[in-house]
Amino acid sequence: MAERSAAPTDRTDQRAVNQQNPERAVNQQNPEQAVARDIIRRGVIGGPVLVGACAGAWGLDGLWSSGYALGLILINFWLAASLITWSVRISPTVLLAGVLGGYFVRLGILTGAYFLVRNTGWFEALPFVITLVAAHIVLLVWETRYVSMSLAYPGLKPQGARS
């Protein structure tokens, strides 16, 4: 009987900790969403530098093409995290199928997005491809510095943690 009465206290203590730090509670429940939000935040911060460089090299067409690619990248990361969040609640098999199938679906969306605008007057392929490839790689490498590789803190490292 003593063991059962201790369990609600543990949950109550955890609830109190989560109420004091709601961001930590969300990160513990959905670490993939926290990582995706952080990648999107960094993309919004660093992306304009790449878009500006493309605008400098290719003019307004480079600006629109690079901005379009950056938007696709940020949506791609958000879709990936949302798919993981949805599928992890169902089963490990659905998670595996969702991640693998979702990769091909998202790759198809990126390809379709290219074919949708490739013949428009404002589209330049080179700044689009440069942004698409470079921003994916840079954002993922940049994010590795902030991701925790610990089961104690899945997702992002706690604020005071050292790398």
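Because only heavy atoms are used, hydrogens play no part in the values below, and waters and symmetry mates are left out as well, while side chains stay in.
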Hey, quick one: are Val133 and Tyr114 part of the same hydrophobic cluster, counting side-chain heavy atoms closer than 4.5 Å, chains of contacts allowed? yes

Any Ile39 side-chain heavy atom under 4.5 Å of Leu140 side chain: yes

Kindly work out whether a path of hydrophobic side-chain contacts (I/L/V/M/F/W/Y, heavy atoms less than 4.5 Å apart) joins Val51 to Ile130. no

Residues in side-chain contact (heavy atoms from CB on, under 4.5 Å) with Phe104, at least two apart? Leu100

What pair of heavy atoms forms the shortest contact from Asp61 to Ser65, and how long is it? O-OG, 2.8 Å

Residues forming a side-chain contact (heavy atoms from CB on, under 4.5 Å) with Arg41, sequence neighbours excluded: Asp38, Ile45

Going by atom type alone, with no hydrogens or angles, which donor-acceptor pairs under 3.5 Å involve a side-chain atom of residues 88-96 and a protein atom two or more places apart or on another chain?
from  : atom 1 : to    : atom 2 : distance (Å)
Ser91 : OG     : Thr93 : N      : 3.4
Ser91 : OG     : Val94 : N      : 3.1

In Å, rounded to the nearest 0.5 Å, how long is the span from CD of Glu124 to OG1 of Thr131? 12.0 Å

Single-linkage hydrophobic cluster, 4.5 Å side-chain cutoff, Val141 and Val35 together: yes

Could you give the side-chain donor-acceptor pairs of residues 71-83 under 3.5 Å, partners two or more places apart or in another chain?
from  : atom 1 : to     : atom 2 : distance (Å)
Asn76 : OD1    : Arg106 : NH1    : 2.8
Asn76 : ND2    : His136 : NE2    : 3.0
Ser82 : OG     : Trp78  : O      : 3.0

Answer with yes or no whether the hydrophobic clustering places Phe128 together with Val49; edges join I, L, V, M, F, W, Y residues whose side-chain heavy atoms lie under 4.5 Å apart. no

Leu70 and Pro48: which non-hydrogen atoms are nearest, and at how many Å? CD2-N, 4.4 Å

All ring pair (Phe, Tyr, Trp, His ring centres under 6.0 Å) counterparts of Trp122, not counting sequence neighbours: Tyr68

Measure the spacing between CD1 of Ile137 and CG of Leu132 and express it to the nearest 0.5 Å. 10.0 Å

Below 3.5 Å, can you tabulate the donor-acceptor pairs from side chains in residues 52-60 to any protein atom, sequence neighbours excluded?
none

I need the Glu32 CD to Arg37 CZ distance, nearest 0.5 Å. 9.5 Å

Between Thr120 and Val117, what is the shortest heavy-atom contact and its length? OG1-O, 2.7 Å

Give a yes or no on whether Leu139 and Val44 share a hydrophobic cluster (residues Ile, Leu, Val, Met, Phe, Trp, Tyr; joining criterion: side-chain heavy atoms under 4.5 Å apart). yes

